[in-house]
Novice: 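This structure is in structure tokens; I'll ask about it shortly.
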Amino acid sequence: MAGRRFDNRDVPELPEVETIRRDLAPLVAGRTITGVEVDPGTLPLLAGAPIETLRANLVGRTIRSLGRRGKYLLFELDDGRWFAAHLRMTGRLVWRERGAPPEPYERAVIQLDDGHDLRWSDLRKFGTWRLHASAEEVTAKLGPEPIDAGLTEAQFRRVLEGRRAPVKAVLLDQRRFAGLGNIYVDEALYAAGVRPDTPAGDLSRAAMGRLYRACREVLERGIAHRGASFRDYVDGQGNEGQQHMFVQVFRRTGKPCYVCGTPIARSIVGGRATHYCPRCQRPARRPRRAGEGARRAG
DNA sequence: CGTTACCTGAAA
DNA sequence: TTTCAGGTAACG
């Protein structure tokens with residue numbers, strides 16, 4: 001009756017954040033913020049900044065647009081500044097009529113001038129709100145998005161080349177590529193037939209090309225399926241998310257690979273639970289020969 | 001480069 | 001009761 005049980009496995013990555021952005025953008029564009037309330041116990045949200053400061057900066061501002069970069073939601077304000085919200089692990093942002101009952105784990109509310117609220121809930125309080133003088137302040141530290149139409153295969157390869165870190169760790173690093181999280185990374189590596197612990201620079205040119213296309217495909221499919229989370233509030237039709245229909249390996253440990261039947265394996269790569277098919281995802285054969293042992297500096 | 005802390009609830 | 005989950009910043 002109170003909707004779905006809170007499920008902290010639905011961690012927002014690029015497709016989930018983009019789904020939220022698309023849903024909220026037409027609802028908030030042109031609206032003026034009339035109030036901001038934050039639960040004082042939700043410390044990481046403001047990184048210690050006083051709520052009064054945030055309120056002074058937001059109340060009275062009109063929202064020009066709602067954008068997204070990586071996993072950040074970017075509210076463009078009418079004074080040229082940008083309000084950046086990051087959902088981290090368990091954050092949710094939903095649009096509700098004023099007076100609607102609180103969301104589970106509701107931590108903050110942004111009141112709009114049309115009688116609606118943006119309700120921020122966050123079970124684990126990892127989410128963040130920051131005010132920036134420009135969008136560049138947010139985006140400067142982020143790598144390109146795999147779904148960016150301007151990202152060429154050669155540019156994608158250049159990020160991986162020469163790196164000794166596991167390719168999964170490189171893909172998860174938002175400074176290298178923005179938007180992938182643990183779920184979509186495992187799915188992309190599976191789709192590309194690449195084992196997650198392969199040192200990024202050891203991938204063949206062909207494998208990098210497959211990974212380039214796989215990253216785009218899994219993210220685009222995630223968006224097309226409206227992500228895995230937040231569906232119960234964003235979809236007026238009541239349609240559910242479809243992520244379970246395309247997840248091939250994530251959290252399928254021990255279950256048969258849909259292609260070859262081999263049980264999906266689980267390991268830890270880059271400090272994260274990692275799922276892969278030991279048969280379909282083969283270790284890269286390193287193209288080393290002459291000069292073997294020579295190390296790249298940096 | 002890898003590891004840990006942050007925080008809370010579910011699962012083991 | 002302990003472990004685990006995962007995005008990111010801080011730290012070694």
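Letters A, B, ... mirror the listed sequences (proteins, then strands); counts begin at 1.
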Novice: Looking at A/Tyr105, I'd like to know whether one of its side-chain N or O atoms comes within less than 4.0 Å of OP1 or OP2 on B/dG9.
Specialist: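 For A/Tyr105, the contact criterion (side-chain N or O under 4.0 Å from OP1 or OP2 of B/dG9) is met.
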Novice: Using centres under 5.5 Å plus planes under 30 degrees as the test, is A/Phe126 stacked with B/dC7?
Specialist: no
Novice: Could you check how far NE2 of A/His275 sits from P of C/dC4, rounded to whole Å?
Specialist: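 Rounding to the nearest Å, NE2 of A/His275 and P of C/dC4 are 13 Å apart.
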Novice: Using the C1' atoms only, state how far B/dG9 lies from C/dA9, rounded to an integer number of Å.
Specialist: 23 Å
Novice: Mark yes or no: A/Arg221 above the aromatic ring of A/Tyr184, with NZ or CZ under 6.0 Å from the six-membered ring centre and no more than 45 degrees from the axis.
Specialist: no
Novice: With a non-hydrogen cut-off below 4.0 angstrom, is A/Gly181 in contact with a base, only sugar-phosphate, or nothing?
Specialist: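 Counting heavy atoms under 4.0 Å across all strands, the contact made by A/Gly181 is with sugar-phosphate only.
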Novice: Is any NZ, NE, NH1 or NH2 atom of the basic residue among A/Arg22 and A/Glu18 found under 4.0 Å from an Asp or Glu carboxylate oxygen of the other?
Specialist: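 Salt bridge flag = yes for A/Glu18 with A/Arg22.
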Novice: With a sphere of 6.0 Å drawn around CZ of A/Arg205, does it hold more than 12 non-hydrogen atoms of other residues, nucleotides or ligands?
Specialist: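 Atom CZ in A/Arg205 is not crowded, with 12 or fewer foreign heavy atoms closer than 6.0 Å.
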Novice: Can you tell which of B/dT8, C/dA9, B/dC1 lies closest to the side chain of A/Lys141?
Specialist: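 Selected nucleotide: C/dA9.
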Novice: Among the nucleotides B/dC1, B/dT8, C/dA9, which one has an atom lying closest to any side-chain atom of A/Leu123?
Specialist: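 Closest of the options to the side chain of A/Leu123: B/dT8.
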Novice: Taking the basic N atoms (NZ, or NE/NH1/NH2) and the acidic carboxylate oxygens, is any pair closer than 4.0 Å for A/Asp113 and A/Arg31?
Specialist: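 Answer for the salt bridge query: yes.
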Novice: Where each residue is assigned the nucleotide of DNA chain B containing its nearest heavy atom, which of A/Pro166 and A/Arg272 is assigned the position nearer the 5′ end?
Specialist: A/Pro166
Novice: Does the ring centre of A/His132 sit less than 6.0 Å away from the ring centre of A/Trp82?
Specialist: no
Novice: Tell me whether the OP1 or OP2 atom of B/dC6 has a side-chain N or O from A/Lys125 closer than 4.0 Å.
Specialist: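 No, because none of the side-chain N or O atoms of A/Lys125 sits under 4.0 Å from OP1 or OP2 of B/dC6.
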Novice: Separation of A/Asp39 atom CG from B/dC7 atom P, in whole Å?
Specialist: 13 Å
Novice: Think A/His86 has a side-chain N or O under 4.0 angstrom from the OP1 or OP2 of C/dG7?
Specialist: no
Novice: Start at the 5' end of DNA chain B and walk down; is the nucleotide closest to A/Ala165 or to A/Arg107 reached first?
Specialist: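 Going by which nucleotide is closer to the 5' end, it is A/Ala165.
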Novice: Please work out if A/Ala169 contacts a base, only the sugar-phosphate, or nothing of the nucleic acid, heavy-atom cut-off 4.0 Å.
Specialist: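 If one applies the 4.0 Å heavy-atom cut-off, A/Ala169 turns out to touch nothing in the nucleic acid.
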Novice: For a quick test of reading the model: is some side-chain N or O of A/Gln174 closer than 4.0 Å to OP1 or OP2 of C/dG7?
Specialist: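 Indeed not, no polar side-chain atom of A/Gln174 lies that close.
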